[in-house]
Amino acid sequence: MLVRVSSLSDLEEKKPRKFSINGIEVVIVRVGDKVFAIEAYCPHKGRNLEYGEVEGYKIRCDLHGYEYSLENGELIFNPYGKTSGWYFSPNLRIYKVEIKGKDIFIQI
Ligand code: FES
């Protein structure tokens, strides 16, 4: 189902913003003319990714520094170098984005 999230003008460049869409919380990030939609909470330990830092097409969680691709959700950096137990993180869930005119829609 394609659902409207916001207007493009509601988003500041590289400033993640959380929205609740039909009970699903997503974070929207605009980088230049691209817009990404990701799950709102870090798949590592659940930090709100609205507080994440965006660099290029990746987002760094501010709690433990894990970095995920905004393009495909892949975990691309884990500062601890360990992947089991507490250190494990699945990839980030992403949502397909469509821009129609000045509005942002996501597929949920
Ligand atoms: S909660 Fe995001 S890196 Fe740990």
Side-chain angles (χ1 to χ4, degrees):
M1 177 172 50
L2 199 61
V3 181
R4 184 185 177 280
V5 181
S6 76
S7 298
L8 275 169
S9 58
D10 291 339
L11 296 174
E12 286 178 47
E13 169 88 8
K14 296 186 178 179
K15 174 89 177 65
R17 184 164 167 197
K18 187 154 72 70
F19 294 88
S20 183
I21 312 293
N22 294 355
I24 298 173
E25 295 194 276
V26 298
V27 162
I28 307 291
V29 181
R30 185 165 69 82
V31 183
D33 59 357
K34 290 196 173 186
V35 176
F36 303 96
I38 60 177
E39 64 181 299
Y41 299 101
C42 181
H44 177 229
K45 294 295 172 195
R47 172 68 167 164
N48 183 347
L49 288 172
E50 190 172 45
Y51 303 117
E53 184 182 325
V54 175
E55 188 184 314
Y57 293 143
K58 68 184 180 187
I59 187 163
R60 180 183 307 112
C61 178
D62 71 327
L63 193 54
H64 307 113
Y66 284 34
E67 296 176 2
Y68 303 88
S69 164
L70 290 168
E71 295 177 293
N72 61 20
E74 199 173 303
L75 172 65
I76 49 182
F77 179 68
N78 163 346
Y80 300 97
K82 299 178 190 171
T83 56
S84 63
W86 184 91
Y87 301 97
F88 173 77
S89 173
N91 290 331
L92 185 64
R93 178 168 184 191
I94 60 168
Y95 298 89
K96 190 169 181 291
V97 174
E98 287 187 32
I99 310 291
K100 295 186 178 190
K102 295 182 186 319
D103 293 318
I104 299 166
F105 293 79
I106 63 168
Q107 192 78 46
I108 55 173

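Just so you know, ligand 1 is whichever comes first in the structure, and atom 1 is the first atom listed for that ligand. This is a predicted model, so every value here is computed, not measured.
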- Query: Is there an N/O/S atom in H64 at a distance below 2.8 Å from atom 4 (Fe) of ligand 1?
  - Reply: yes
- Item | Atom of H44 nearest atom 4 (Fe) of ligand 1 (restricted to N/O/S, atom name only) | ND1
- Output the list of atoms in ligand 1 that are nearer than 4.0 Å to some heavy atom of Y66, sorted by atom number. 3 (S)
- Query: Which ligand 1 atoms, with their elements, are less than 4.0 angstrom from a heavy-atom of K45?
  - Reply: 1 (S)
- Query: Under 30°, 30 to 60°, or over 60°: which ring-plane class applies to H44 and Y66, parallel, tilted or perpendicular?
  - Reply: parallel
- Item | Contacting atoms of ligand 1, where contact means under 4.0 angstrom from a heavy atom of C42 | 1 (S), 2 (Fe), 3 (S)
- Are V5 and L11 co-members of a hydrophobic cluster defined by side-chain heavy atoms under 4.5 Å apart? yes
- Query: Got a sec: does the CD of E13 have more than 12 other heavy atoms crowding it under 6.0 Å?
  - Reply: yes
- Taking everything shown except R4 itself, do over 12 heavy atoms lie less than 6.0 Å from its CZ? yes
- Message: For the backbone of K96 and the side chain of Q107, can you confirm whether one donor and one acceptor N or O come within less than 3.5 Å of each other?
- Response: no
- Task: Return yes if some donor-acceptor pair links the side-chain N/O of N48 with the main-chain N/O of Y41 below 3.5 Å, else return no.
- Result: no
- Which of the ligand 1 atoms, numbered from 1, are nearer than 4.0 Å to a heavy atom of C61: 1 (S), 2 (Fe), 3 (S)
- Identify, by atom number and element, the atoms of ligand 1 in contact range of R47, meaning under 4.0 Å from any of its heavy atoms. 1 (S)
